[in-house]
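The structure under discussion appears below in the form of structure tokens.
Every value quoted in this text rests on a predicted model; they were computed, and no experiment measured them. So you know, we letter chains A, B, ... as the sequences are listed, proteins then strands, and number each from 1.
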Amino acid sequence: MRRGLEPAMLGARIISVETRRGDIRFPFPPRFRERLAGRRVLELGRRGKHLLFRLDSGETLIAHLGMSGSFRIEDAFVGEFRHPRSKDPKHDHVVFRLDNGKSVTFNDPRRFGFMDLADKGMLDAHPRLAGLGEEPLSPEFDAARLAKLFAGARAPLKSALLDQTRIAGLGNIYVCEALFRARLSPSRPAGVLANARGGASASARALAPAIRSVLVEAIEAGGSTLRDHRQANGELGLFQHAFAVYDRDGLPCLRPRCRGTIIRSRHAGRSTFYCSVCQR
DNA sequence: AACACCCCCTGTCGGC
DNA sequence: TGCCGACAGGGGGTGT
């Protein structure tokens with residue numbers, strides 16, 4: 001989503017912001033629209049699952065998509081000042097109008113998403129970001145880091161990898177897919193990533209590149225469209241075609257020569273998909 | 001401290 | 001056709 005928004009938003013000035021209700025998941029921060037109007041977007045970043053819009057005021061807009069949130073770019077001012085008709089106006093909660101003639105609309109049916117503003121110089125200390133763990137796509141992320149993060153952890157790998165305070169950015173789909181690629185059972189205690197001396201185990205050496213490859217490929221594919229996810233340009237995500245296990249319960253394992261069947265189980269209330277034959 | 005569970009909200013789908 | 005429960009990409013708060 002960050003990549004998709006960049007062409008429309010980077011360097012653009014926000015002319016105005018319309019909020020169509022007082023809250024999404026949380027109330028908008030004080031003077032939300034006023035603090036955004038007139039500001040130029042200097043940089044689009046990301047921390048875990050949070051989008052970061054750095055503004056020329058020094059403040060940063062933080063946005064989280066939750067389960068069902070999305071941003072949509074449109075040409076707002078073609079011809080006379082007319083806005084394209086939304087297919088889902090009921091869930092269009094925030095509209096940004098930009099000085100380049102485009103508009104960016106935040107749509108979120110379930111309203112698990114949220115937006116907030118971080119004061120100048122206070123981004124890393126912001127409550128929503130301060131507790132986040134490592135970036136799995138950072139150059140430092142490797143098997144040794146995995147081992148250090150999870151040494152001694154008894155939680156199942158599945159739950160531990162979803163914990164944003166250790167690794168930030170992995171969701172239910174990509175955890176399932178990464179564990180499949182690493183041939184690791186989601187139920188194994190996360191401590192298996194460390195050996196007796198706290199170094200990287202064979203499991204960690206398999207999992208680190210698996211996490212990285214799943215994320216890189218999913219981003220490249222524009223995400224995964226289960227039902228209604230769209231990229232910012234309106235196109236569908238395509239990574240669902242690459243799922244090996246997610247939402248494939250009852251179907252044959254796709255690993256060559258594996259005769260297993262994909263099983264669906266549950267960890268901490270979330271569905272888990274895995275092959276009980278080749279994931280150990 | 002670490003982990004599990006319920007809940008927030010809306011929409012969709014399958015079963016009856 | 002309609003109703004009802006289960007479930008969905010996340011994660012905050014609380015209880016054990």
Discussion item. Tell me whether A:Asp92 is salt-bridged to A:Arg72, with the criterion being a basic N under 4.0 Å from an acidic carboxylate O.
Written reply: yes

Check every strand shown and say whether [X] touches a base, only sugar-phosphate, or nothing at a heavy-atom separation below 4.0 Å.
X: A:Arg25; value: base
X: A:Gly66; value: sugar-phosphate
X: A:His229; value: base
X: A:Asp228; value: base

Worksheet item: Closer to the 5' end of DNA chain B via nearest nucleotide, is it A:Ala153 or A:Asp88?
Response: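 On the 5' side of the pair lies A:Ala153.
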
Worksheet item: On DNA chain B, nearest-nucleotide positions of A:Pro156 versus A:His91: which is more 5'?
Response: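 Looking at the nearest nucleotide for each, A:Pro156 comes out on the 5' side.
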
Any side-chain donor-acceptor pair under 3.5 Å between [X] and [Y]?
X: A:Asp108; Y: A:Ser68; answer: yes
X: A:Ser86; Y: A:Asp88; answer: no
X: A:Ser187; Y: A:Tyr274; answer: no
X: A:Arg230; Y: A:Ser70; answer: no

Item to complete: Specify the closest pair of heavy atoms between A:Leu170 and A:Leu162, including all atoms of both residues, with the distance to one decimal.
Response: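 For A:Leu170 and A:Leu162, the tightest heavy-atom pair comes out as O-CD2, 3.8 Å.
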
Counting just side-chain N and O atoms, does [X] come under 4.0 Å of either OP1 or OP2 of [N]?
X: A:Lys90; N: B:dG11; value: yes
X: A:Arg270; N: C:dG9; value: yes
X: A:Ser68; N: B:dT10; value: no

From the options [options], select the nucleotide whose nearest atom is closest to the side chain of [X].
X: A:Arg111; options: C:dG9, B:dT10, C:dG12; answer: B:dT10
X: A:Tyr246; options: C:dG11, C:dC7, C:dG9; answer: C:dG9
X: A:Arg264; options: C:dG9, B:dA4, C:dA8; answer: C:dA8
X: A:Ala155; options: C:dG12, C:dG9, B:dC3; answer: B:dC3
X: A:Arg227; options: B:dC8, B:dC3, C:dG9; answer: C:dG9
X: A:Lys49; options: B:dC3, C:dA8, C:dG11; answer: C:dG11

Discussion item. Does A:Arg110 contact C:dA8 through a side-chain donor or acceptor facing the base, at a distance under 3.5 Å?
Written reply: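 Check passes, donor-acceptor contact within cut-off.
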
Integer-rounded Å distance: [N] [atom2] and [X] [atom1]:
X: A:Tyr174; N: C:dG9; atom1: OH; atom2: C1'; result: 8 Å
X: A:Leu170; N: C:dG9; atom1: CG; atom2: C1'; result: 13 Å
X: A:His126; N: C:dG12; atom1: NE2; atom2: C1'; result: 15 Å
X: A:Leu161; N: C:dG10; atom1: CG; atom2: P; result: 13 Å
X: A:Leu65; N: B:dC8; atom1: CG; atom2: P; result: 22 Å
X: A:Phe112; N: C:dC7; atom1: CZ; atom2: P; result: 15 Å
X: A:Met67; N: C:dG12; atom1: CE; atom2: C1'; result: 14 Å
X: A:Phe26; N: C:dG12; atom1: CZ; atom2: P; result: 6 Å

Worksheet item: Looking at side-chain heavy atoms only, is the closest gap between A:Tyr174 and A:Phe239 below 4.5 Å?
Response: yes

Discussion item. In whole Å, measure the gap between the C1' atoms of B:dC3 and C:dG9 for me.
Written reply: 23 Å

Worksheet item: In whole Å, what separates the P atom of C:dC3 from that of B:dC9?
Response: 23 Å

Worksheet item: Where does DNA chain C form stems of at least three consecutive Watson-Crick or G-U wobble pairs, each pair having both distances below 3.5 Å?
Response: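 Only these stems qualify: B:2-8 with C:10-16, B:10-16 with C:2-8.
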
Item to complete: Is it possible for you to say whether A:Ile173 and A:Leu137 belong to one hydrophobic cluster, with membership spreading through side-chain heavy-atom contacts below 4.5 Å?
Response: yes

Discussion item. Just to verify, what does A:Phe96 make a ring pair (Phe, Tyr, Trp, His ring centres under 6.0 Å) with, not counting sequence neighbours?
Written reply: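 Checked A:Phe96 against ring pair (Phe, Tyr, Trp, His ring centres under 6.0 Å); zero matches.
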
